[in-house]
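Note sheet for the following structure.
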Amino acid sequence: MKLIREFYARPTLTVARDLLGQVLVHRSPQGTCAGRVVETEAYTQNDPACHAYRGKTKRNATMFGQPGQSYIYLIYGIHHCFNVVTAQEDVGEAVLIRALEPLAGVEIMKKRRNQQRDRLLCSGPARLCQALGITTALDGIDLLGDRIFLLSHPRPQKIVTTTRIGISQGKELPYRFYIGDSKYISKK
DNA sequence: CCGAGGATCATCT
DNA sequence: GATGATCCTCGGT
């Protein structure tokens, strides 16, 4: 079953934890790819690492959209990152999907990434975007539609909480979550 | 295994 | 004009 609006319209830290174990699906012209979410990070309104921290801009505008929409941006001029908008409209909070366990469309993903090993296919926010064929062309898309969506699955048992990766501010906040026994985490 | 360095560009100051 | 929610390659150990 597809996750509904009410799932996303809850506190961001709750959504970040509850997204673990759910399955992200992208249906593209090249085929359908899917993976189980094994690592997430929360970005909240009073958090200096959050793109929405200094208010609405052209780049982060979709972060202020309805919960259940995507927020996708380009980083380092090369890589894409995929987020799920959470909480309420106009608040500017989101969850970054940092790693997936590949489930379907694996051959398509390997081709897109020029990477044969399952272990490195979707283990990293930019890697999973490349594998699934997600770009900023899909920024702001509604995840309740049929192009990209999340399917409801049982919650995993072992959830680990740590600080986030790759940021310079808000380093001390325990906003990163991952499935403890997954081998598809981006980093220990 | 590990750390350093470079790629590359839209957005923001 | 500087920067970044990253990744890959390369060289040393």
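So you know, we letter chains A, B, ... as the sequences are listed, proteins then strands, and number each from 1.
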Residue [X], side-chain heavy atoms: nucleotide from [options] that is nearest:
| X | options | value |
| --- | --- | --- |
| I78(A) | dT8(B), dT13(B), dC8(C) | dT8(B) |
| N83(A) | dT11(B), dC7(C), dA5(C) | dA5(C) |
| R59(A) | dT11(B), dT6(C), dT13(B) | dT11(B) |
| M63(A) | dC7(C), dA5(C), dT11(B) | dA5(C) |
| P125(A) | dG4(C), dC7(C), dC12(B) | dC7(C) |
| H79(A) | dT6(C), dA5(C), dA10(B) | dT6(C) |
| T57(A) | dA5(C), dC12(B), dC7(C) | dC12(B) |

Legend entry - Within 45° cone and under 6.0 Å: R5(A) NZ/CZ vs Y8(A) ring: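 No, R5(A) and Y8(A) do not form such a contact.
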Inset, instruction - Report yes or no: is the cationic atom of R164(A) (NZ for Lys, CZ for Arg) closer than 6.0 Å to the six-membered ring centre of Y43(A), at no more than 45° off its axis? - result: yes
What contact category does [X] fall into here, base, sugar-phosphate, or nothing, at under 4.0 angstrom with non-hydrogen atoms?
| X | answer |
| --- | --- |
| A126(A) | sugar-phosphate |
| R176(A) | nothing |
| I167(A) | sugar-phosphate |
| R164(A) | nothing |

Legend entry - Aromatic stack Y76(A)/dA7(B): centroid gap under 5.5 Å, interplanar angle under 30°: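 No; centroid distance or tilt outside limits.
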Separation of atom [atom1] in [X] from atom [atom2] in [N], rounded to whole Å:
| X | N | atom1 | atom2 | answer |
| --- | --- | --- | --- | --- |
| K187(A) | dC8(C) | NZ | P | 13 Å |
| I185(A) | dC7(C) | CD1 | C1' | 18 Å |
| F177(A) | dA5(C) | CZ | P | 19 Å |
| I72(A) | dT11(B) | CD1 | C1' | 17 Å |
| Y53(A) | dC12(B) | OH | C1' | 17 Å |
| I75(A) | dT11(B) | CD1 | P | 12 Å |
| F82(A) | dT6(C) | CZ | P | 16 Å |
| K188(A) | dC2(B) | NZ | C1' | 17 Å |

Legend entry - Residue mapping more 5' on DNA chain C - nearest nucleotide basis, Q130(A) or S168(A):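 Looking at DNA chain C, the more 5' nearest nucleotide goes with S168(A).
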Inset, instruction - Could you give me the CA-CA distance, side-chain angles and deciding distance for Q115(A) and R127(A), then say whether side-chain hydrogen bond (donor to acceptor under 3.5 Å, both in side chains) is met? - result: CA-CA 10 Å; Q115(A) 166 68 68; R127(A) 288 174 179 152; over 6 Å; no
Inset, instruction - Could you tell me which nucleotide pairs with dT8(B) by Watson-Crick or G-U wobble geometry, both distances under 3.5 Å, or answer none if nothing does? - result: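 Pairing partner, where one exists within any strand: none, as none qualifies.
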Inset, instruction - Go ahead and name the base partner of dC1(B); Watson-Crick or wobble counts if both distances stay under 3.5 Å, otherwise write none. - result: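 Paired with dC1(B), as far as the under-3.5 Å criterion goes, is dG12(C).
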Legend entry - Residue-phosphate contact under 4.0 Å: R54(A) side-chain N/O, dT13(B) OP1/OP2: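 False: R54(A) side-chain N/O out of range (4.0 Å or more) of dT13(B) OP1/OP2.
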Inset, instruction - Assess whether atom CZ of R112(A) is packed by more than 12 heavy atoms of other residues, nucleotides or ligands within 6.0 Å. - result: yes
Inset, instruction - Would you check if L13(A) and Y175(A) make a side-chain contact, meaning some heavy-atom pair closer than 4.5 Å? - result: yes
Legend entry - Side-chain donor/acceptor contact of Y73(A) with base of dA5(C) under 3.5 Å: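 Pair found.
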Inset, instruction - Taking E41(A) for its side chain and I165(A) for its backbone only, find out whether a donor-acceptor pair lies under 3.5 Å. - result: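 Present.
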